[in-house]
Protein chains: 2
Amino acid sequence: MTPDALAGALSSDLERIVGLFRSLSPASGLSMTAAATLASLERLGPQRLTLLAAREGVTQPAMTQLISRLEDSGLVRRGASQEDGRVVLVAITDEGRATLARRRAGRTERLAGILAQLGPDHRAALASALPALDALASIPRDDDLVRTPAR
Amino acid sequence: MTPDALAGALSSDLERIVGLFRSLSPASGLSMTAAATLASLERLGPQRLTLLAAREGVTQPAMTQLISRLEDSGLVRRGASQEDGRVVLVAITDEGRATLARRRAGRTERLAGILAQLGPDHRAALASALPALDALASIPRDDDLVRTPAR
DNA sequence: ATATTTATATCATGTGCTTATGTAAATTGG
DNA sequence: CCAATTTACATAAGCACATGATATAAATAT
């Protein structure tokens, strides 16, 4: 299979799978961007506001506001950087982690129900595709490359 | 692998893949819901407003407004039902199909660029996972079951 | 030391969602 | 059948969340 054909097929499947994902996600009071940002913070550790904005594909003012809301809700914490007095390092709190965990538990539970309806063969195929999916999920995004100083 | 473990692993990968998908989708002036609704209309044919709302996980008023906007943009058409004078059957237009196609082309192009960075082994694994992904994408949603008349 | 750049915040505005409610068509029950 | 209820959609008011323009303070460069 050519890379282009693979991209086309994947793109088509992804479109519908994202829809499935959205219908699986419990109404936790978090917007898609909020949930994705929290997940990034949990996975990558404390991050600068600007990096978060680039990573989630929103503008910097939008991220400033989102972080303010998340901070008010107690899900993240603003911290200062020691090297640079301008930067804000955003970190997830225990409460933020707990909220994420609840969200995931709900989604996983519904997904398990759906997988149960699938045939064992399809389940096996999905299980064997996990490393590839993980590779897909782990692909560096543009914004990860932003921090390449020209030396 | 147990179904529950599979659900957990899938759920975790999906969370990050959705983020990738969002960053791949071109800014076509369509919201996520708008794009998903258009895609549903293309795939399933004309649909009632209420069914669309349930399928996309928004309220009925939200769908009424969305359809009005899409109609103003010429991407969908409102039609009447012959059996029931209350229902509105929403259909995608040729322009709507063209818009969807452009969106997909942009996404596919970026995805192809990313896949090229992956190793051939990972590409092969993804290719072999396509049937399973397709099965996952084809799983009926709750709202598809709504139409089960009690006889 | 001044000018420029960078990181974040603030403000004004617009879109898209929600809840509450209205209207007309279909269905139900006496 | 006709009044009451239900169903499908529309409308309205308000809030969440995004954008673009701009301000401020810290760091860097000339």
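Proteins come first, then strands; the chains are lettered A, B, ... in the order of their sequence lines, and each starts at number 1.
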The residue, A:Gly57 or B:Ala62, whose nearest nucleotide of DNA chain D is more 5′ is B:Ala62
Within residues 63-74 of chain A, those residues having any heavy atom closer than 4.0 Å to DNA chain C are A:Thr64, A:Gln65
Rounded to whole Å, CG of A:Leu30 lies from P of D:dA16 at a distance of 14 Å
Q: Tell me yes or no: between the side chains of A:Arg16 and B:Ser138, is some donor less than 3.5 Å from an acceptor?
A: yes
Among the nucleotides C:dA24, D:dC17, C:dT5, whichever has the atom closest to the side chain of A:Arg86 is C:dT5
Which of B:Arg97, B:Arg104, B:Arg103 passes salt bridge (charged side-chain N to carboxylate O under 4.0 Å, His left out) with B:Glu42? It is B:Arg104
Is it true that A:Glu15 and B:Arg43 make a salt bridge, defined as a side-chain N closer than 4.0 Å to a carboxylate O?
-> no
From CD of B:Glu83 across to P of D:dA8 the rounded distance in Å is 13 Å
Between CG of A:Leu49 and C1' of D:dA18 the distance, given in whole Å, is 15 Å
#### Entry: Check: A:Leu52 and A:Leu41 side chains under 4.5 Å, non-hydrogen atoms
yes
Whole-Å distance, B:Gln47 CD to D:dA8 C1', equals 15 Å
(Q) Looking only at side-chain N and O atoms, does A:Ser68 offer a donor or acceptor that is under 3.5 Å from a partner on A:Arg78? (A) yes
Between the base of D:dA10 and the side chain of B:Gln60, is there a donor-acceptor distance below 3.5 Å? yes
Look at A:Arg48 and C:dT8 and indicate whether a side-chain polar atom (N or O) is within less than 4.0 Å of OP1 or OP2.
no
- Task: Would you confirm whether A:Ser12, through its side chain, and A:Gly8, through its main-chain N or O, come within 3.5 Å as a donor-acceptor pair?
- Result: no
B:Met32 atom CE is separated from D:dC17 atom P, nearest whole Å, by 15 Å
Pair B:Gln47, B:Ser40: side-chain N/O donor-acceptor within cut-off below 3.5 Å: no
Rounded to 10°, the helix from C:dA1-D:dT30 to C:dG30-D:dC1 deviates from straight, judged by its five-pair end axes, by 10°
The nucleotide from C:dT18, C:dA7, C:dT10 with an atom nearest the side chain of A:Pro61 is C:dT10
**Asked** Counting only N and O atoms by type, is there a donor-acceptor contact under 3.5 Å from the side chain of B:Arg123 to the main-chain atoms of B:Leu115?
**Response** yes
Checklist entry - Regarding A:Thr99 and A:Arg102, is there a side-chain donor-to-acceptor distance under 3.5 Å anywhere? => result yes
| N or O in side chain of B:Thr50 less than 4.0 angstrom from D:dT7 OP1/OP2 | no
Residue-phosphate contact under 4.0 Å: B:Thr33 side-chain N/O, C:dC17 OP1/OP2 = yes
Regarding the side chain of A:Thr59, the nearest nucleotide among D:dA8, D:dG20, C:dG16 is D:dG20
message: Looking at A:Arg78, I'd like to know whether one of its side-chain N or O atoms comes within less than 4.0 Å of OP1 or OP2 on C:dA9.
response: yes
